[in-house]
**Q** 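First the structure, then my questions, so here it is.
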Protein chains: 2
Amino acid sequence: MSPTHAPAGAARQGSLRELNLALVLGRIAAADRPPSRADLATATGLTRATVSAVVEDLLAGQLVSEADPAPRAGAGRPARGLVLADQGPAGLGLEVNVDYLTVCVVDLAGQVRHRTVHRADLRPVAPADALARLVHLAGEARADAARQGLTLAGAALAVPGLVDDAGLVRLAPNLGWRDVAVPELLSGHPPLTDQVPGVPALVVDNEANLAALGELHSRPPGPASFLHISGEVGIGAGIVLDGALFRGVRGWSGEIGHLPVHPEGRPCRCGGQGCLEQYAGQEAIVAGAGLVRAELPADTATARLAELAEAGDPAALRALHDAGTALGVAVAGVVNLLDLDTVVLGGGYAPLAPWLCPPVLAEIAARVLTAAWSPVTVRPSTLGPEAAAVGAAGSVVRRIVARPAGWLNRSA
Amino acid sequence: MSPTHAPAGAARQGSLRELNLALVLGRIAAADRPPSRADLATATGLTRATVSAVVEDLLAGQLVSEADPAPRAGAGRPARGLVLADQGPAGLGLEVNVDYLTVCVVDLAGQVRHRTVHRADLRPVAPADALARLVHLAGEARADAARQGLTLAGAALAVPGLVDDAGLVRLAPNLGWRDVAVPELLSGHPPLTDQVPGVPALVVDNEANLAALGELHSRPPGPASFLHISGEVGIGAGIVLDGALFRGVRGWSGEIGHLPVHPEGRPCRCGGQGCLEQYAGQEAIVAGAGLVRAELPADTATARLAELAEAGDPAALRALHDAGTALGVAVAGVVNLLDLDTVVLGGGYAPLAPWLCPPVLAEIAARVLTAAWSPVTVRPSTLGPEAAAVGAAGSVVRRIVARPAGWLNRSA
DNA sequence: GCAAATAATTCAATCGCTGAACAAATACCT
DNA sequence: AGGTATTTGTTCAGCGATTGAATTATTTGC
């Protein structure tokens with residue numbers, strides 16, 4: 001079952017065009033300046049004739065459009081720049097979290113073209129009702145997208161929990177969800193998006209995974225391999241290796257919160273002992289800072305911590321240092337194992353990064369075998385709290401960019 | 001820098017044939033019975049005409065050969081079975097370790113066609129001299145291969161240490177090597193193998209990585225994602241994800257030996273504290289069992305431990321249990337992070353597996369969040385102590401199977 | 001206003017896959 | 001024993017996609 005990089009299927013005549021469509025479109029997407037057909041020809045190694053034919057297909061399919069001629073020095077016929085279309089396919093990103101619902105639409109270029117955040121405590125809400133609200137918001141988003149000339153080609157939903165390949169949410173502890181079959185609950189509602197071959201109608205994935213994807217495709221493009229840690233009540237990690245999210249054998253990778261950092265330490269609700277979550281989770285930091293969590297709305301806990309730390313509160317500083325140290329121990333292990341050079345602190349960790357990074361870096365320096373030769377960067381996420389929803393929508397459009405043939409053949 | 005799965009280069013006319021050569025050859029390699037051209041056509045989705053043309057190329061290039069017609073029930077013209085050629089390209093595998101040198105030749109089918117083990121204490125030998133001995137053994141291997149109709153198409157060298165992309169051994173502590181530029185030291189010697197386009201003349205890699213590759217390609221084929229742990233004096237891991245070795249950003253992945261298992265515990269020679277190696281490395285087990293390591297040749301320490309454990313020696317059993325527990329803590333963290341379902345104990349751990357597996361499994365059961373839904377298998381390596389050399393040679397032939405066009409175009 | 005330069009398109013040639021017809025070789029049936 | 005059904009493998013015209021050279025298009029510099 002492991003042909004080791006052998007091509008997936010038969011290479012027929014049409015595969016050539018599919019590959020070159022993806023190649024050319026990928027170059028247009030990756031370029032920092034609208035390239036001309038001639039630029040693309042030299043960049044890809046194809047002839048200008050082929051590039052022209054490929055671009056014609058892409059133009060007809062509303063995947064790219066011609067930009068105004070970029071000013072260029074020297075003689076010669078001016079080039080016509082090609083950019084990703086701002087009309088055409090777009091991705092729908094959804095997120096259910098403890099205290100908000102988010103819906104957003106991202107176009108091919110990665111621009112957020114629509115965004116709704118609906119604040120509400122979702123814990124007492126039944127999953128079916130929460131999803132119904134989401135469907136309503138998604139309907140509005142779709143209408144707004146249509147007004148802007150965008151077609152929703154697929155959707156992705158971020159959930160703070162363990163998700164199955166089939167979209168079954170096995171366990172989302174902080175949301176109180178257990179064995180929630182999302183596709184099934186959605187089957188009574190109108191479809192969220194149009195149907196496009198090669199693009200799944202709805203992908204359900206872990207919030208941390210999708211946030212990592214958002215980071216991967218943010219501008220400027222991040223590194224191809226990194227660890228993205230979302231610190232909320234639980235701690236999740238998205239692992240991006242060689243430009244692709246690594247989901248694990250069953251799609252449950254990234255449970256860094258249950259990495260043992262003190263094997264004989266505090267018992268954890270997972271049944272283990274000394275898990276990272278017990279030392280660097282939101283509750284642990286809040287308690288360490290002497291705050292009473294019950295008095296704080298969940299979404300303001302980290303803001304309050306940042307305030308206190310900013311003001312020099314010793315208990316808060318101490319709590320953040322301890323959490324950073326525990327996090328650093330776990331991260332050092334991961335870096336030793338995977339040889340990553342970048343760690344991104346996201347979610348609730350992002351605003352606390354100024355206080356978390358130093359102890360994390362200290363542990364890395366002390367514990368990573370190769371730290372002397374290859375420095376490890378630890379930095380906060382560049383995306384805001386909606387990273388997961390944006391990453392979800394982005395994963396849809398990245399799929400179209402990576403394999404545009406499906407979109408182009410949608411009506412045929 | 002992250003085109004996210006975009007094809008590497010331009011898809012020209014010839015790419016089609018290259019892809020289909022790889023597709024068909026991969027099927028032949030993966031089949032458990034010699035397939036006919038018709039079988040391949042249905043399996044790949046290509047037409048029989050195309051398969052015939054592709055197979056003709058493969059036959060001409062000595063990559064496959066026709067087997068005697070396999071007996072088949074029913075009417076019809078008998079099929080001609082296709083098997084990987086036992087003459088043609090082969091891979092050269094080399095290993096330098098503390099107390100032996102190994103050279104072996106593996107053919108396309110994965111059969112070991114030549115093997116030499118040269119026992120000697122390599123620690124007092126200068127790297128250049130050790131490599132010179134290896135070159136001599138490789139020359140004999142090449143001659144033997146030629147007598148068997150095999151052409152060496154590339155070589156891979158396993159080293160117990162951190163290796164650079166360029167073949168620079170940064171650090172091999174137990175061997176006493178530091179910044180050894182292997183390709184440079186070899187440049188004065190005659191070439192180890194023939195030159196084949198697309199196959200590097202010599203790959204230098206970590207022993208644990210290559211042992212994991214050996215496991216991946218062993219018969220019967222293992223899972224596509226697993227963790228292979230080589231327990232020697234140091235502890236190294238090879239991480240195989242989706243059928244490919246994950247080498248990390250700089251090629252230094254797998255340093256599981258320095259995963260912190262007791263962050264405030266015993267100091268480690270890496271500068272950290274409480275690294276796994278201090279609790280589950282060979283020295284720790286030997287000391288825990290009350291043995292004096294200096295009195296044992298390095299290569300007999302594990303054999304002696306296994307003897308004692310077999311005999312029920314309490315100190316040995318206790319030492320193995322403690323080591324297994326520490327190993328289990330580390331493995332549980334890795335499984336939580338990567339969601340792997342198989343862990344292979346190799347190297348010095350293989351003979352000790354009967355005593356190590358139970359505590360490892362116990363820690364996994366207690367600490368892995370998803371253990372209830374997805375059992376994790378922990379088993380000893382099926383390959384012997386020469387796993388790394390065999391894996392090294394195998395990596396060469398797998399590369400040819402994965403991209404046969406290079407071999408076929410070698411003379412053109 | 002003309003030549004040089006660069007961009008993009010057109011077109012015959014070529015390569016490799018497809019699909020159908022055909023040839024080859026065996027088992028089953030009468 | 002002979003004929004038919006069945007399956008394997010090959011041959012060949014057709015076609016889609018890329019190539020490379022020639023051609024057209026559009027601008028700068030002299």
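Values in this document were obtained by computation on a predicted structure and should not be read as measured data. So you know, we letter chains A, B, ... as the sequences are listed, proteins then strands, and number each from 1.
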**Q** What is the separation between atom CZ on B/Arg77 and atom C1' on D/dT4, rounded to the nearest whole Å?
**A** 18 Å
**Q** Heavy atoms only, 4.0 Å cut-off, all strands: where does A/Ala53 land among base, sugar-phosphate and nothing?
**A** nothing
**Q** Can you tell me how far C1' of C/dG19 sits from CD of A/Gln13, to the nearest Å?
**A** 13 Å
**Q** Counting only side-chain heavy atoms from C-beta out, which of C/dT9, D/dT26, C/dG19 sits nearest to B/Thr47?
**A** C/dG19
**Q** Tell me whether B/Asp164 contacts the main-chain N or O of B/Gly167 through its side chain, where contact means a donor paired with an acceptor under 3.5 Å.
**A** no
**Q** Quick one: A/Leu19 CG to D/dA17 C1', roughly how many Å, whole number?
**A** 12 Å
**Q** Separation of A/Leu46 atom CG from C/dA8 atom C1', in whole Å?
**A** 15 Å
**Q** Report which part of the nucleic acid B/Arg48 touches: base, sugar-phosphate, or nothing (heavy-atom distance under 4.0 Å, all strands).
**A** base
**Q** To the side chain of A/Arg12, which of C/dT18, D/dA25, D/dT7 is closest?
**A** C/dT18
**Q** Using atom CG of A/Asn20 as one end and atom C1' of D/dT19 as the other, report the distance to the nearest whole Å.
**A** 12 Å
**Q** Round to the nearest Å and state the distance from A/Arg80 atom CZ to C/dT9 atom C1'.
**A** 11 Å
**Q** Considering only side-chain heavy atoms of B/Ala75, which listed nucleotide, D/dG9, C/dT26, C/dT18, is closest?
**A** C/dT26
**Q** Find the distance A/Arg17:CZ to D/dG16:P and express it as a whole number of Å.
**A** 12 Å
**Q** Which is more 5' along DNA chain C, the nucleotide nearest A/Ala49 or the one nearest A/Ala11? Just name the residue.
**A** A/Ala49
**Q** Here's a test of your reading of the structure: between A/Thr50 and B/Ala38, which maps to the more 5' nucleotide of DNA chain D?
**A** B/Ala38
**Q** Checking A/Ser225 side chain against A/Asp242 main chain: does a donor-acceptor pair fall under 3.5 Å?
**A** yes
**Q** Check for a donor-acceptor pair, side chain of A/Arg403 on one end and backbone N or O of A/Ile400 on the other, with a separation under 3.5 Å.
**A** no
**Q** Roughly how far, to the nearest 0.5 Å, is CG of A/Leu40 from CZ of A/Arg27?
**A** 8.5 Å
**Q** Roughly, in whole Å, what's the span from CG in A/Leu16 to C1' in C/dT14?
**A** 13 Å
**Q** Does A/Ser36 reach a base, just sugar-phosphate, or nothing at all? Heavy atoms under 4.0 Å.
**A** sugar-phosphate
**Q** Between the side chains of A/Arg247 and A/Asp205, is the shortest nitrogen-to-carboxylate-oxygen separation below 4.0 Å, so that they form an ion pair?
**A** yes
